[in-house]
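First up is the structure itself, then whatever we jot down about it.
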Amino acid sequence: MRRSFVAIACATLLSVTAFPAAAGTADPRQTAMDAAVAAGIPGMVAVADDFRGVSGVADITRPGKPSASGRWRVASVSKVFVATLVLQLAAEKRVGLDEPVQRYLPGLLPYPEPITVRQLLQHTSGLPRDLHPDDTWATWPEIDTERFQHFDSDDQIRLSTSKQPLVFKPGAGWAYSNTGYNVLGLLVEKTTRKPLERVLAERITGPLHLRDTSLPRDFPFLIRPAARGYEQLYDAPRGLTDVTIYNYSRYYGAGGMVSSGADLNRFFDALLGGRLLPADLLAQMKTTVAAGGMEYGLGLMKLNLKTAGICAEDITIWGHGGDLPGYNTLSFRDESGKNISTLATVDLTASPEAALKRQLPMISEFCAPVLPARATAQAPVPSL
């Protein structure tokens, strides 16, 4: 059976118990990472302004902790970078947010309905989420065996849209779409007449000195990894499969980037601090619609931790989650400027308990979290 891969980024707590306090002077973020590792995550990294912590192992075949300064695949956090580029082009009057994307990319989409750039950014376009089931992973083992499949920039878009109808009329709903962000990646390339990775380097990673951040496309290796990524792709007694080496050209605009905790925090500081976009465009980026347990702007997730039942305090955080085989990322910042980026090295096949507990290091940056009495009482936040 085909499976839609979604990740858990916040908990809807039907009944809660307090997250146990750390003994002595242990940092709550470290305590939370250790609890996630005890629940089955091989390794975790958390990087905040005042904290750089790791737990578990970097490689399950040998001793050694993960590296807090290492790189990992940040998956859908890439969308925030691509959205920022599109909004920069809008600020320069080279792209109109309320113009049909068909104006800029004629013939790419097979649908007669006009789909605006804003709708793509906010996942209100109605475009299919991902590839048609015939063209993507059908079973867990295929994640292993199809790891070197190449996609040109428009391959995923054409395969996705030529075989699937719109999910709804553009503007009539909200549905997460990786296909839409691949379209936005092509829009940046067509508008600038440069490869997306070069535009990222010229406009964001170069000026901000994000030396660990890149879009590798077909390059399958992860240089200086924080830790290796794993999934349980085969039945017991076979153990975890290492999925660190992978070609993610299928997600080039939607989730193909590599970064580090420090780089992600620096990026969100610059973006939400108003250094990458004019004030009016940043305000539009932060204008949200309801999106299944959270709110979504133009490439940004908004979570109210009190409304979600995770924190007693009224705390709003902005950022994004990211999910790819072997790598779960949460990168968020609150209104006061506190930020944190976390990595967990099992994503799709994590147990419900592990999937919940890998969230708690991020949440512990902003409050003392509570846990659901049942770990399955969670609201999915779509990502890769």
Stepwise, does the salt bridge (Lys or Arg N to Asp or Glu O under 4.0 Å) test hold for D314 with K306?
CA-CA 5 Å; D314 187 12; K306 183 177 182 179; 5.9 Å; no

Qualifying residue for side chain to side chain contact (heavy atoms under 4.5 Å, CB included) with V199, from T191, V188, L89
V188

Testing T116, L120, L186 for side chain to side chain contact (heavy atoms under 4.5 Å, CB included) with V101, which one passes?
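Output: one option passes, namely L120.
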
Interatomic spacing from [atom1] in [X] to [atom2] in [Y] - rounded to 0.5 Å:
X	Y	atom1	atom2	result
D50	D27	CG	CG	7.5 Å
R129	Q164	CZ	CD	11.5 Å
L166	Y111	CG	OH	5.0 Å
F81	L196	CZ	CG	11.5 Å
E295	K286	CD	NZ	12.0 Å
N178	D130	CG	CG	4.5 Å

Given salt bridge (Lys or Arg N to Asp or Glu O under 4.0 Å), test D269 with R266 step by step and report yes or no.
CA-CA 5 Å; D269 272 342; R266 191 177 302 123; over 6 Å; no

Please check if the number of heavy atoms outside R224 that lie under 6.0 Å from its CZ is greater than 12.
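Correct, the count exceeds 12.
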
same_hphob_cluster([X], [Y]) at 4.5 Å side-chain heavy-atom cutoff:
X	Y	value
L127	L97	yes
L330	M33	no
L131	V243	no
L208	L272	yes
L348	Y230	no

Using a 4.5 Å cut-off on heavy atoms from C-beta on, say whether the side chain of [Y] contacts that of [X].
X	Y	answer
E313	F366	no
T316	T307	no
E365	T342	no
V258	Y248	no
T329	S341	no
V80	L300	yes
L271	R333	no
V77	S259	no

Has the side chain of [X] got a donor or acceptor atom that lies under 3.5 Å from a matching backbone atom of [Y]?
X	Y	answer
N182	R250	yes
K302	G297	no
R118	T124	no
T161	L109	no
Q119	I115	no

Side chain to side chain donor-acceptor pair (under 3.5 Å), that's the test. Do Q284 and D280 meet it? Break it down for me.
CA-CA 6 Å; Q284 290 188 60; D280 63 323; 4.6 Å; no

Applying side chain to side chain contact (heavy atoms under 4.5 Å, CB included) to R29 and I340, what does each step give before you reach the verdict?
CA-CA 10 Å; R29 294 160 293 191; I340 189 169; 4.1 Å; yes

Residues [X], [Y]: salt bridge by 4.0 Å N-O rule:
X	Y	result
K338	D49	no
R238	D235	no
E92	R203	yes
R358	D347	yes

Is the gap between the ring centers of F151 and Y252 under 6.0 Å?
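No, too far apart.
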
Parallel, tilted or perpendicular, judged at 30° and 60°: which one describes the rings of H123 and W174?
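Perpendicular, since the angle between the ring planes exceeds 60°.
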
Could you tell me how the ring of Y176 sits relative to the ring of H320: parallel (under 30°), tilted (30 to 60°) or perpendicular (over 60°)?
tilted

For a quick test of reading the model, state the closest non-hydrogen atom pair linking [X] to [Y] and the distance between them.
X	Y	answer
G96	V117	O-CG2, 3.6 Å
L121	Y296	O-CE2, 3.6 Å
P66	G43	CG-CA, 4.2 Å
I310	C367	O-SG, 4.2 Å
G326	E231	N-OE2, 2.7 Å
G309	V370	O-CG2, 3.2 Å

Cut-off 3.5 Å, side chains only: do D263 and T213 have a donor facing an acceptor?
yes

Between Y251 and S78, do the side chains contain an N or O donor and an N or O acceptor separated by less than 3.5 Å?
no

N247 vs Q149, test: side chain to side chain contact (heavy atoms under 4.5 Å, CB included). Steps then yes/no.
CA-CA 7 Å; N247 178 334; Q149 188 173 4; over 6 Å; no

Any chance you could pull the hydrophobic cluster mates of I245, using side-chain heavy atoms under 4.5 angstrom and chaining through other members?
F148, F219, F221, I223

Holding to side chain to side chain donor-acceptor pair (under 3.5 Å), I want the full list of residues that pass it with H150, two or more places apart in sequence or in another chain.
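Counting only residues at least two positions away or on another chain, H150 forms a side chain to side chain donor-acceptor pair (under 3.5 Å) with D152, D218.
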
Please lay out, stage by stage, how S153 and R217 fare under the test side chain to side chain donor-acceptor pair (under 3.5 Å).
CA-CA 9 Å; S153 296; R217 293 216 192 216; 2.9 Å; yes

Looking at D242, D59, T345, which one forms a side-chain hydrogen bond (donor to acceptor under 3.5 Å, both in side chains) with R228?
D242

Please step through side chain to side chain contact (heavy atoms under 4.5 Å, CB included) for the pair Q102 and L108, ending with a clear verdict.
CA-CA 7 Å; Q102 290 92 331; L108 177 65; over 6 Å; no

Using side chain to side chain donor-acceptor pair (under 3.5 Å), reason through R71 and S214 one step at a time and then give a plain yes or no.
CA-CA 10 Å; R71 300 183 178 103; S214 65; over 6 Å; no

For a side chain to side chain contact (heavy atoms under 4.5 Å, CB included) check, start with the C-alpha distance between F267 and T84, then their side-chain angles and the critical distance, and finish with the verdict.
CA-CA 11 Å; F267 167 68; T84 301; 3.8 Å; yes

